Every structure is written in C-alpha cells, then in structure tokens.
Amino acid sequence: MKFKFTLVAIVLMAITSLNAQEISDTKFGKGLINFTAKDSSFSVKFAPRFQVRSNSSWDYDGDQYGSPDHNFIVRRARLKFDGFAYSPKLKYKIELGLSNRDISGANDFNRNTPRYILDAVIMWNFSGNWELWAGQTKLPGNVERVVSSANMQLVDRSLLNSRFNIDRDLGIQLRHKTNLGGNFLMREKLSLSQGEGRNVTEGNEGGLQYTARLEFLPFGTFISKGDYSQSDLKREETPKLMVGFTYNYNQNAVRERGFAGDYMLRTDGTLYETDQTTVFADAMFKYNGFSFMGEYAKRTATNEIATEADGVTPTGDVVLTGNALNLQAGYLFKSNYEIAGRFTATNYESITNRDPERQYTLGFNKFVVGHKLKVQSDISYTSIDGNEDNITFRLGFDIHF
C-alpha cells in the first residue's frame, strides 16, 4: 500500500512541476510527461505502458486435441522514467513493474517482497565513446532479450530466451564503440555483476558474474536504434546488419539458471555452488520492410547435479544445460500490416531429464503508431520430443505513452 501511495505521489509531483518547466515534447509515444528544467540541469520523461492479451491453448491427448484452456492477462504494466541529471552526459533510467508476472519471485533473498524494480541504472558518458553504467539493468546478452518487451515482433519472446537468457542483474558495465573504417562500427560491452538476478537484498551468494559482448555493424548504424527493435518500421533504405557474440561466466552460481530458477539449497541450509557458462551468437538484419533475427545459445556447467555437503547425495536440483536455435523473420507492408514467422529448437543435456522442444509460430500485426500502439496475434505449434503436441493462439495489444 505504501508503495502505491509513493507512485501516486511521484506522478503528482511531476505533473504539478510542469508550471516551472519547459515542455519539450508531448507527442503520443514520446512520453506522458516529457520536460527539461529551465536551467537545463535535468530532464524527465515519464512513459507508462501496458500489454493485455488473451491466450487459448489446446493439448493433443494422443488421439485428438482436447478442450481449450482460455485466459486473459495483463502481461506487463510498467512505469518508466528516464532522462539526464546535471549534465546530458549523465543519464538515468528507472523502470517499475506492476503486473503479477513483473513482481513475482519473492524469496528469502529479497526479504519475501514483490520485485517492483526492473531497472535502476545510471549511464555516464565519461569520455568520448566510453560509457560507464552502474545499477540494476539488463546484461549485454542475446539480442532478443535486450530488445524491450515493448518493441517485439511477436506476442512474446521465444523458448530460447525463456530457457537460456541471462537477463537483469546488479553491477557495473563498461561500454565503448570503435569505428573500423567507413561505416563499419564495432561495439564492446563488459559487465561485472552479482550473478543472482534482480532485486536481491540479502548480500551476494556464491561468486560474481562476468559478461563480455562484441557487436559488429558492417553497414553502419540502424535508424532509431533499430538493431534493438524488432520489425523494420523505419523501412531501412540500405541493408543494415548487426552480428553479436556474448560470453557469460557465472562463478559459483547458486541458482539453476544462474540469474533465475530455484536456489540450490541443501538440507543443512547451505547453497550448492557450480560454475555456469553461457554463450550466444546472434544477428539482426533489416532492409526495406524485411527483418531477420537469428540466435544460438548454449549453457554448460562444471557439475550440473546439485549435491549435499558430502558431494555425493543429489539434492534434486539440476542446472538447466543445453542449447537452442531461434530463427525469426517478418515483412512489413506499406499499410503497416506485418506477417512474421519464427522457428525455435531447444535441446537439453540428458542429465536434466528434459525432452527437446520444437516450436513454429506465425504472427500477424497491425501497427497503428509503430510499437507504441499496436495489435498483435500469433499461433504456435509446439512439440516435445516429437510426441506431446500443443497449439496456442494469442491476441493482444500494446499501448505505450
């Protein structure tokens, strides 16, 4: 309750302060509130957004598809604040989640409280092409995960992302970009983080997490940072390509998927620790309404099976190791209707006792105001080990001030 009152107070303070500010941009999609202080000492953009969808799912029972399961959900409901403080070279971002999926995950390591905070990060351009980030935000992992959930081509992300991504964490990041000649650009991203995901409040368990990513853009930058936004809404006039490689090492990880999953607790109250390594190779291509994204992910661990303190007796927890491939493409017509397709394959190490998955998805979109106001639908066929089949249809809309 206190948190809700705090949110209301923040919004009211922002609105009442408009009389003392210069409004810079209030166009739809540019922020519900968007202003800069008269002395240019700070700026604030407040941009709430939400996604609502319906899901219908049919499972194959060996003879025919059974009765469908239906549900309606508010998948995401978020409040985003960003701007600069003191100098345009010192930027910040705060993003809060309000939906059940956003705030779920309470445990002893976050004092059993809702996980409201998604991002709380400052970004300092301290010299030339160098930036230092500090706080909680997304790690430089697979491109699909770093793309905002507000800018997706299909209704939600792929199985590759849900099984193998490295997501958000608390720590620091160092970022740099280098011109390799002509339009050829290289970006380097390094991260040192806690290794247990977002909103951890009870200190660091296990070791730290180290992430490095290289990105190559041989044909120059995308319009409006389109390499981290799905669908070619800007209809790139010349081909644009980004190829990226990420290496992530989570030392003495204590959760089944590094940043997420169950904590691997032993009966004596201690935590099982093992080194986990995740690698990604991905690409984003856009040209004249056509877009393509491809990703490969692989996770390994020193010892996948968690054991008791004796080093022999299994606790029942197993690190989710394996690999996945995700291929996605779409074409945006000049009418702003789009058709898109995706194929995802996951394969797990036998020790995990999980069967391989194959998923085929076909999507149809209507962009009213780009990603800021859109209607999306998709239908997916999923098979597990070639035996258990499922068909899921999803319909949803996004509105993003």
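The figures here come from the full heavy-atom set of this structure, side chains too, leaving out hydrogens, waters and symmetry mates. Everything numeric here is computed off the predicted structure, so don't read it as measured data.
In this structure a side-chain-to-backbone donor-acceptor pair under 3.5 Å is missing from E304 to I351. Formation of a donor-acceptor pair under 3.5 Å by the Q136 side chain with backbone atoms of L118 is found in this model. The closest donor-acceptor contact from the side chain of R76 to the backbone of D102 lies at 3.5 Å or more, if one exists at all. For K366 (side chain) and Q376 (main-chain N/O), no donor-acceptor pair under 3.5 Å exists by modelled atom type. S99 places a side-chain N or O within donor-acceptor distance of the main-chain N or O of R75, the cut-off being under 3.5 Å. Not one N or O on the side chain of D389 forms a donor-acceptor pair closer than 3.5 Å with the backbone of Y60. Listed for the T113 side chain is a donor-acceptor partner under 3.5 Å among the backbone atoms of N110. Looking only at distances, no side-chain donor or acceptor of T344 sits under 3.5 Å from a matching main-chain atom of L159. Side chain of D275 to main chain of Q251: no donor-acceptor pair is present (N/O by atom type, distance under 3.5 Å, no hydrogens or angles). In this structure, R299 contributes its side chain and R163 its backbone to a donor-acceptor pair below 3.5 Å.
Using cut-offs of 30° and 60° on the angle between ring planes, the pair F367 and H371 is perpendicular. Under the 30°/60° scheme for interplanar angles, the aromatic rings of F28 and F401 are found to stand perpendicular. Ring geometry for Y210 against Y249 counts as parallel: the plane angle stays under 30°, on a 0 to 90° scale with 60° as the upper cut. Relative ring orientation between Y360 and F343 is described as tilted, the plane-to-plane angle lying within the 30° to 60° band.
For H70 against S56, the heavy-atom pair with the smallest separation is ND1-OG, 2.7 Å. Across all non-hydrogen atoms, the minimal contact from S43 to G83 is OG-CA, 3.4 Å. Residues S149 and R78 share a closest heavy-atom pair of OG-NH1, 3.4 Å. A pairwise comparison of heavy atoms in E188 and L214 identifies CG-CD2, 3.6 Å as the closest pair.
Among residues two or more places apart in sequence or in another chain, the side-chain contact (heavy atoms from CB on, under 4.5 Å) test is passed with E388 by I384. Take S41 and apply the side chain to side chain donor-acceptor pair (under 3.5 Å) test, not counting sequence neighbours, and it matches D39. Residues satisfying the side-chain contact (heavy atoms from CB on, under 4.5 Å) test with D167, not counting sequence neighbours, are R145, N165, F259. By the side chain to side chain donor-acceptor pair (under 3.5 Å) test, Y263 pairs with E196, sequence neighbours left out. Under the rule for a salt bridge (charged side-chain N to carboxylate O under 4.0 Å, His left out), the partners of E215 that lie at least two apart in sequence or sit in another chain are R187, K189, R213. With sequence neighbours excluded, the residues forming a side chain to side chain donor-acceptor pair (under 3.5 Å) with N347 are R358, listed by chain and number. Listed by chain and residue number, Q173 satisfy the side chain to side chain donor-acceptor pair (under 3.5 Å) test with R175 (two or more places apart in sequence, or in another chain). Evaluation of the side-chain contact (heavy atoms from CB on, under 4.5 Å) rule for A306 yields M264, Y272, T315, D317 as partners, not counting sequence neighbours. For the salt bridge (charged side-chain N to carboxylate O under 4.0 Å, His left out) test, residues two or more places apart in sequence or in another chain that qualify with R49 are E95. Applying the salt bridge (charged side-chain N to carboxylate O under 4.0 Å, His left out) rule to R53 yields the partners D156; only residues at least two apart in sequence or on another chain are considered. Remark: T361 pairs with L154, R342, Q359, D378, S380 by the side-chain contact (heavy atoms from CB on, under 4.5 Å) rule, at least two apart or across chains.
L174 is listed as a side-chain neighbour of F126, based on a closest heavy-atom distance under 4.5 Å.
Counted within 6.0 Å of CG on L395, heavy atoms from surrounding residues, nucleotides or ligands total more than 12; the atom is thus considered enclosed. More than 12 heavy atoms of other residues, nucleotides or ligands sit less than 6.0 Å from atom CZ of R235. For F184, the CZ atom is densely surrounded, since the number of other residues' heavy atoms within 6.0 Å is greater than 12.
Electrostatic pairing of E202 and R111 counts as a salt bridge here, judged by a charged N lying under 4.0 Å from a carboxylate O.
Distance CZ/F222 to CG/D232: 9.0 Å, rounded to 0.5 Å. Between atom CG of residue D398 and atom CE of residue M152 there is a gap of 7.0 Å, rounded to the nearest 0.5 Å. One distance of note links OH of Y92 with CD1 of I122; it measures 12.5 Å at 0.5 Å rounding. Distance OG/S231 to CG/N365: 6.0 Å, rounded to 0.5 Å. Atom CD of Q328 and atom OG of S158 lie 7.5 Å apart (nearest 0.5 Å). The structure places NZ of K298 at 9.0 Å from CZ of F164, a figure rounded to the nearest 0.5 Å.
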Evaluate side-chain contact (heavy atoms from CB on, under 4.5 Å) for K91 paired with W124, printing each intermediate quantity in order.
CA-CA 6 Å; K91 298 179 181 179; W124 179 31; over 6 Å; no
Show the numbers, then the answer: is there a side-chain contact (heavy atoms from CB on, under 4.5 Å) between Y331 and Y337?
CA-CA 9 Å; Y331 181 75; Y337 284 95; over 6 Å; no
If you apply the rule side-chain hydrogen bond (donor to acceptor under 3.5 Å, both in side chains), what do you find for D59 with N390, and how did you get there?
CA-CA 5 Å; D59 288 325; N390 171 271; 2.7 Å; yes
Go through W133 and I172 one step at a time and tell me if the side-chain contact (heavy atoms from CB on, under 4.5 Å) criterion holds.
CA-CA 5 Å; W133 293 20; I172 58 173; over 6 Å; no
What verdict does the side-chain hydrogen bond (donor to acceptor under 3.5 Å, both in side chains) test give for T274 and N303, after you've listed the backbone C-alpha separation in whole Å, the side-chain angles of each residue and the deciding distance to 0.1 Å?
CA-CA 6 Å; T274 187; N303 294 293; 4.6 Å; no
Show, in sequence, the C-alpha distance, side-chain angles and deciding distance for Q153 and S291, and conclude whether the side-chain hydrogen bond (donor to acceptor under 3.5 Å, both in side chains) test is met.
CA-CA 10 Å; Q153 188 171 47; S291 59; 3.0 Å; yes
For the pair Q230 and N151, evaluate side-chain contact (heavy atoms from CB on, under 4.5 Å) and give the outcome as yes or no after the intermediate values.
CA-CA 6 Å; Q230 295 176 354; N151 299 328; 6.0 Å; no
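Checking L139, N252, L192 one by one against Q209, the side chain to side chain contact (heavy atoms under 4.5 Å, CB included) holds for a single residue, L139. Applying the side chain to side chain contact (heavy atoms under 4.5 Å, CB included) test between Y381 and each of T392, I391, L362 identifies I391 as the sole match.
Residue pairs meeting the salt bridge (Lys or Arg N to Asp or Glu O under 4.0 Å) criterion with at least one member in residues 262-274: none, sequence neighbours excluded.
Outside the 6.0 Å centre-distance limit, the rings of F292 and F290 are not counted as a close aromatic pair.
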